[in-house]
Amino acid sequence: MTTGLPSTAPLLLRNARILDPESGTYTEGDLLAVDGRVVERGTHLRAPRHAETRDMRGSYVLPGLIDAHVHVTAITADLASIATTSPLYVAAHTIKIMGGMLDRGFTTVRDLGGADYGIAAAQAEGTVRGPWLAFGGRALSQTGGHGDYRGPGTHLRDDHPCCGDDSRIADGVDAVRAAARDELRKGSHHLKVMASGGVASPTDRIDSTQYSMPELRAAVEEAEACNRYVAAHAYHARAVNRALETGVRSIEHGNLIDDRSVQLLLEHDAFLVPTLVTYWALANEGPGFGLPEDSHRKVNDVLDAGLAALERAHRGGVTLVYGSDLLGGMHRHQNEEFRIRARIQPPIDVIRAATTNAARLLGQEGSIGTLTVGARADAIVLDTDPLQNLAALADPALHMPLVIQAGAITHDRHPTT
Ligand code: ZN
Ligand code: ZN
């Protein structure tokens, strides 16, 4: 992410109520963005020549949202089929999915399997309209793990033709090391490992642990050697806790964590990224979008547990980050996670999960998730105070008239003529 979007005219927002997620307070005033960055905040700012000026009176301006668990290439819930689909077809739909995310207010997303250097570079140079992408390439999975899409009756002669483009098989410390180095060579911002069973895989169980401790340690060691980190897919406390003990920095899902998990998350200054909306969506719509029946049955095992896990983590003071993990046609529910989390957490905590906490996880603290001077000028505008009514963030079509990325209005529901 170096080149940035094409430069646009300076943007001056006047009379806005601008939220600082850190303090949870609004400051009323103007914000000036030049060359994609916030350059000035204050009152009665002078408009530079050629600036576009918008009066934001009565509106609420927040930093652009960050979704820290997406799969932009998950064009269907039948993940195994993606590997045998034309890459150009997958790319075309990926671009459409990314545009939808931006329109919902997500100006940055972290991809947990599927996105690569190419799509991230195309977005960064402005060729593809979508959120900035922090990508991890292909997730590392053991044979028979969450990234192994072969059914129990599937026989293949080749070595590793088993995985959708979102994951790869590596068994043993040396193979994990080589796969990790290969993903890092290709520019990954983080590594993803499958540390437990999952919903969308045909032969494992939710409560299984995956990868040995030395294999997990090898992935962490390779990531840390490049000043990167490891994100681990894990549901059950047993899998979560051993992953944390090896130095994994973020736990994805974590629906079945225990008190020891909370303690380890705090001790290691690690992050928990629940993805509750995906179970909500899979339970309602999964089969219609290609989710196999075996996987659909697993959804119910993890759905209710997820809310209890969120409450346990919130009470324990864990740093929570916003995630959605939606697949195929279910991407449109991306903002529903706000409504689900509001059942457990105060609005400001959920907003922090999608701004400051996510920025810290991505290693971009101060640059995204905030609108302080120097930050990237990524913002959303709401017509309702989300601190009073967080559901406004769950209904962007109703309550989010503007999305701003790199100081340019990229989505305008009420364009001025
Ligand atoms: Zn997962
Ligand atoms: Zn995922």
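First listed ligand is number 1; within each ligand, the first listed atom is number 1.
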**Report entry** All ring-ring contact (aromatic ring centres under 6.0 Å, His included) counterparts of H399, not counting sequence neighbours
**Finding:** none
Query - Ionic contact status for E183 with R168, cut-off 4.0 Å - result: yes
**Report entry** Under-2.8 Å neighbours of the Zn ion (ligand 1), protein N/O/S atoms only
**Finding:** 2
Query raised in the report: Do T370 and E22 touch side chain to side chain, with heavy atoms closer than 4.5 Å?
Result: no
Query - Pairing of R249 and E224 as salt bridge, 4.0 angstrom limit - result: no
Query raised in the report: Which pairs, with at least one residue in residues 245-270 and sequence neighbours excluded, count as a ring pair (Phe, Tyr, Trp, His ring centres under 6.0 Å)?
Result: H69-H253, H233-H253, Y235-H253
Query raised in the report: Of all residues at least two apart in sequence or in a different chain, which pass the salt bridge (Lys or Arg N to Asp or Glu O under 4.0 Å) check with R339?
Result: E336, D395
